[in-house]
Protein chains: 2
Amino acid sequence: MEHRLDRIKKELHAQSYKLTPQREATVRVLLEREEDHLSAEDVYLLVKDKAPEIGLATVYRTLELLTELKVVDKINFGDGVSRYDLRKEGAKHFHHHLVCTECGSVEEIMDDLLEEVEEIVQKDWGFLVKDHRLTFHGICRVCQENMEEEEKN
Amino acid sequence: MEHRLDRIKKELHAQSYKLTPQREATVRVLLEREEDHLSAEDVYLLVKDKAPEIGLATVYRTLELLTELKVVDKINFGDGVSRYDLRKEGAKHFHHHLVCTECGSVEEIMDDLLEEVEEIVQKDWGFLVKDHRLTFHGICRVCQENMEEEEKN
DNA sequence: GTGGTTGCAAATATTTTGCATGGCT
DNA sequence: AGCCATGCAAAATATTTGCAACCAC
């Protein structure tokens with residue numbers, strides 16, 4: 001954890017930004033809740049526990065900064081809210097998501113899966129791929145099981 | 001064109017919705033500008049040419065309705081705006097996009113490309129895939145060529 | 001008349017910005 | 001002093017909702 005914070009600190013410094021207490025508190029929240037997909041508001045509320053004086057605007061500014069530095073990815077699942085997702089260390093690409101249309105759960109997939117597809121896109125469309133976003137919509141294992149249960153009744 | 005409009009009309013009727021003049025004008029705009037990725041505001045301005053009395057709220061309501069009926073897909077490229085994209089006729093899945101980070105152009109890919117990946121997801125994660133969203137970010141052919149030009153100078 | 005539909009205005013929600021203040025070097 | 005960063009409030013954007021009026025059957 002501290003190791004990743006240090007890394008982020010270095011990346012900030014490399015661009016002559018500072019790791020202020022507010023920024024540190026924000027990054028810590030993101031590290032602690034890595035599996036979640038927090039909105040700016042979510043982050044704000046969690047950061048307020050650590051640093052009660054912080055303002056929402058600062059959280060937005062910090063998240064924007066972290067997005068620029070590619071420390072987080074800004075994602076959007078179609079509700080009106082942007083969510084922020086920490087990049088895995090050393091990950092070349094953004095990871096994928098499985099969004100369940102029944103229960104709304106979001107599962108992450110770290111495997112790349114798209115290497116072949118990217119090659120096709122580069123070859124056939126002449127498009128130089130830098131990153132991707134892949135989200136599957138469907139029904140998660142748990143909801144499938146629940147639906148089978150219901151059918152029995 | 002009329003054929004597709006008819007189809008949409010039937011789908012509306014099947015759910016006891018009507019194809020009002022406002023809805024028709026909206027659908028016509030979407031059909032005419034199929035290659036584009038229009039925001040609600042964009043659609044509104046275009047529809048106003050055909051039906052000047054229409055209100056923005058009606059456009060939003062129509063687009064929401066069409067999304068429900070799976071006539072259009074609501075997408076989001078990360079700017080704060082939702083865009084609406086007509087489903088290709090008979091398309092099982094949403095098509096993919098290539099977003100150029102240099103010039104902002106958006107190219108569409110109709111090929112499926114993901115069949116194998118979906119099988120993996122179903123098998124390894126027990127997730128029943130219904131649809132997907134895939135967007136590649138990178139540099140389009142034209143911008144790549146421009147960048148090569150510049151390097152020569 | 002009934003029920004879905006519309007336009008307008010107001011309300012909401014999310015994100016951005018202006019500006020005076022504060023902290024660090 | 002100079003500069004980046006912050007908090008607050010106001011502004012800007014995007015979208016949704018309440019409601020009276022409207023239209024078609």
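Reminder, nothing fancy here: chain letters follow the sequence lines and each chain counts from 1. What you see is a predicted model, and the numbers here were worked out from it, not measured in a lab.
The side chain of A:Thr20 contributes no N or O atom lying less than 4.0 Å from OP1 or OP2 of C:dG23. Dashed line: the shortest gap from a side-chain N or O of B:Ser16 to OP1 or OP2 of C:dG4 is not under 4.0 Å. Contact annotation: A:Thr58 reaches the phosphate of D:dG7 (side-chain N/O to OP1 or OP2, under 4.0 Å). Between A:Tyr60 and C:dT15 there is a side-chain polar atom (N or O) within less than 4.0 angstrom of OP1 or OP2.
Aromatic pair B:His97/B:Phe77: centroids less than 6.0 angstrom apart.
Residue A:Lys18 contributes atom NZ, which lies 13 Å from atom P of C:dG23 at whole-angstrom precision. Distance CG (A:Leu63) to P (C:dT16): 10 Å, rounded to an integer number of Å. Remark: P of D:dC4 and CG of A:Leu65 are 13 Å apart, rounded to the nearest angstrom. One can place CD of B:Glu64 at 8 Å from P of D:dT17, the figure rounded to the nearest angstrom. Atom CG in A:Leu19 sits about 17 Å away from atom P in D:dC4, given to the nearest Å. One atom, OH of A:Tyr44, and another, C1' of C:dT14, lie 14 Å apart when rounded to the nearest Å. Going from atom CG of A:Leu56 over to atom C1' of C:dT15 covers 8 Å, rounded to whole Å. If you measure from atom CG of A:Leu12 to atom C1' of D:dC4, you get 13 Å, rounded to the nearest angstrom.
If A:Lys74 and B:Tyr17 are placed on DNA chain C by their nearest nucleotide, the residue sitting closer to the 5' end is B:Tyr17. Residues A:Gly55 and B:Ala40 both approach DNA chain D. Their nearest nucleotides, taken by heavy-atom distance, put A:Gly55 toward the 5′ side.
When distances run from any side-chain atom of A:Glu53 to the nucleotides C:dT15, D:dG7, C:dT6, the shortest one goes to D:dG7. Residue B:Gln22 places its side chain closer to C:dT6 than to any other of D:dT16, C:dG4, C:dT6.
Residue-level contact check: A:Ile54 touches the backbone only, with heavy atoms under 4.0 Å from sugar-phosphate atoms and none from bases. Among the protein residues, A:Ser39 comes within range of no part of the nucleic acid, since none of its heavy atoms lies under 4.0 Å from any strand.
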Chi angles and distances behind the ring-ring contact (aromatic ring centres under 6.0 Å, His included) call for B:Phe136, B:His96: CA-CA 8 Å; B:Phe136 288 104; B:His96 317 306; 7.6 Å; no
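Between B:Val117 and A:Leu113, the shortest heavy-atom distance links the atoms CG2-O, 3.5 Å.
With 3.5 Å as the limit, one finds no donor-acceptor pair spanning the side chains of B:Asp111 and B:His95.
Rounded to the nearest 0.5 Å, atoms NE2 (B:His132) and CG (A:Leu98) are 13.5 Å apart.
The base of C:dG4 has none of its N or O atoms less than 3.5 Å from a complementary donor or acceptor on the side chain of B:Arg61.
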